[in-house]
Amino acid sequence: EIETFRLKNKEKMKELMEGLVQKSGGNANSWLTYLKFARSFDDQKLIRGLFKRSLEYCKEKSIMADAWLEWEKKFGTIDTLIECEKRIKEKRKGFPKEAPISGTKRLSQDQHKMG
């Protein structure tokens, strides 16, 4: 019963949050709110998918990139962290020049130390 209740809540949350990002998906706060709820269900696949989508649709890409990097550093593996950095670098061309991504340079330096 508890698992069914939790699953129904997760689906309802996703439905509500999808509506939020469809209405105001250019705003980083909308994506961060969705991610906060997704974290409560500890669904890493959903969380990574949201970060990837946010880099496509959010106007505040540098905020989302920083949030994703921080999340991967805390909860990801070295492989997911490297994939995150690659995806951010690919999308970086669309980022505002005055808003560099924090952590990206440091990650590259850390990779060389590990390799």
Side-chain angles (χ1 to χ4, degrees):
E1 287 180 28
I2 293 172
E3 192 60 34
T4 302
F5 177 76
R6 189 166 189 231
L7 182 60
K8 285 182 182 178
N9 279 343
K10 181 179 179 181
E11 293 306 313
K12 184 66 175 170
M13 177 275 303
K14 284 173 65 176
E15 183 181 320
L16 291 170
M17 293 294 103
E18 284 295 325
L20 175 67
V21 296
Q22 286 177 10
K23 288 181 182 175
S24 57
N27 180 331
N29 284 333
S30 298
W31 289 99
L32 294 170
T33 298
Y34 194 167
L35 283 157
K36 179 180 177 183
F37 283 104
R39 286 181 188 134
S40 71
F41 292 99
D42 195 31
D43 184 339
Q44 291 194 357
K45 184 177 178 182
L46 173 62
I47 294 167
R48 282 192 184 91
L50 289 172
F51 277 122
K52 291 173 186 178
R53 284 178 51 209
S54 73
L55 290 181
E56 293 292 326
Y57 301 108
C58 184
K59 292 178 183 172
E60 300 167 291
K61 293 179 186 343
S62 61
I63 292 171
M64 298 312 302
D66 283 346
W68 190 10
L69 280 169
E70 287 302 311
W71 186 80
E72 288 293 353
K73 287 176 187 176
K74 289 180 185 174
F75 304 106
T77 65
I78 189 67
D79 291 335
T80 61
L81 188 56
I82 291 168
E83 177 61 30
C84 171
E85 182 185 45
K86 272 192 216 175
R87 191 171 290 256
I88 289 170
K89 282 183 180 182
E90 289 170 5
K91 298 294 179 188
R92 193 175 199 162
K93 296 172 190 164
F95 290 12
K97 292 183 192 267
E98 68 277 2
I101 306 168
S102 67
T104 304
K105 184 176 182 182
R106 192 177 81 217
L107 176 59
S108 295
Q109 291 170 346
D110 291 347
Q111 282 178 297
H112 294 296
K113 290 178 186 175
M114 288 183 222

So how far is it from L46 CG to F41 CZ, rounded to the nearest 0.5 Å?
9.5 Å
For A65 and L55, the nearest pair of non-hydrogen atoms, with its separation, is N-CD2, 4.0 Å
Check E18 with R53, please: is the shortest side-chain N to carboxylate O separation under 4.0 Å?
yes
Are E70 and K73 ion-paired here, with the side-chain N under 4.0 Å from a carboxylate O?
yes
Closest approach of E56 to K61 (non-hydrogen atoms, all atoms of both residues):
O-NZ, 3.4 Å
Would you say that K14 contacts F37 through its side chain, given a criterion of any heavy-atom pair below 4.5 Å between the two side chains?
no
For F75 against Q44, the heavy-atom pair lying closest together
O-NE2, 3.6 Å
Taking only residues two or more places apart in sequence or in another chain, which ones pass salt bridge (charged side-chain N to carboxylate O under 4.0 Å, His left out) with R39?
none
Nearest atoms (heavy-atom pairs only) where D43 meets K10
OD2-NZ, 2.5 Å
Output all residues satisfying side chain to side chain contact (heavy atoms under 4.5 Å, CB included) with L20, sequence neighbours left out; order by chain, then residue number.
M17, S24, S30, T33
Residue pair T77 / E72: nearest heavy atoms and the distance that separates them
N-OE1, 4.4 Å
For a 4.5 angstrom cut-off between non-hydrogen side-chain atoms, does L50 reach V21?
no
E11 and E15, any side-chain heavy atoms less than 4.5 Å apart
no
Looking only at non-hydrogen atoms, find the nearest pair between C58 and M64 and report the distance.
SG-CG, 3.8 Å
Please round to the nearest 0.5 Å and tell me the distance separating atom CD1 of I88 and atom CG of D66.
7.5 Å
Rounded distance (nearest 0.5 Å) linking atom CZ of R87 with atom CZ of F51:
13.0 Å
By side-chain hydrogen bond (donor to acceptor under 3.5 Å, both in side chains), which residues pair with W31, not counting sequence neighbours?
none
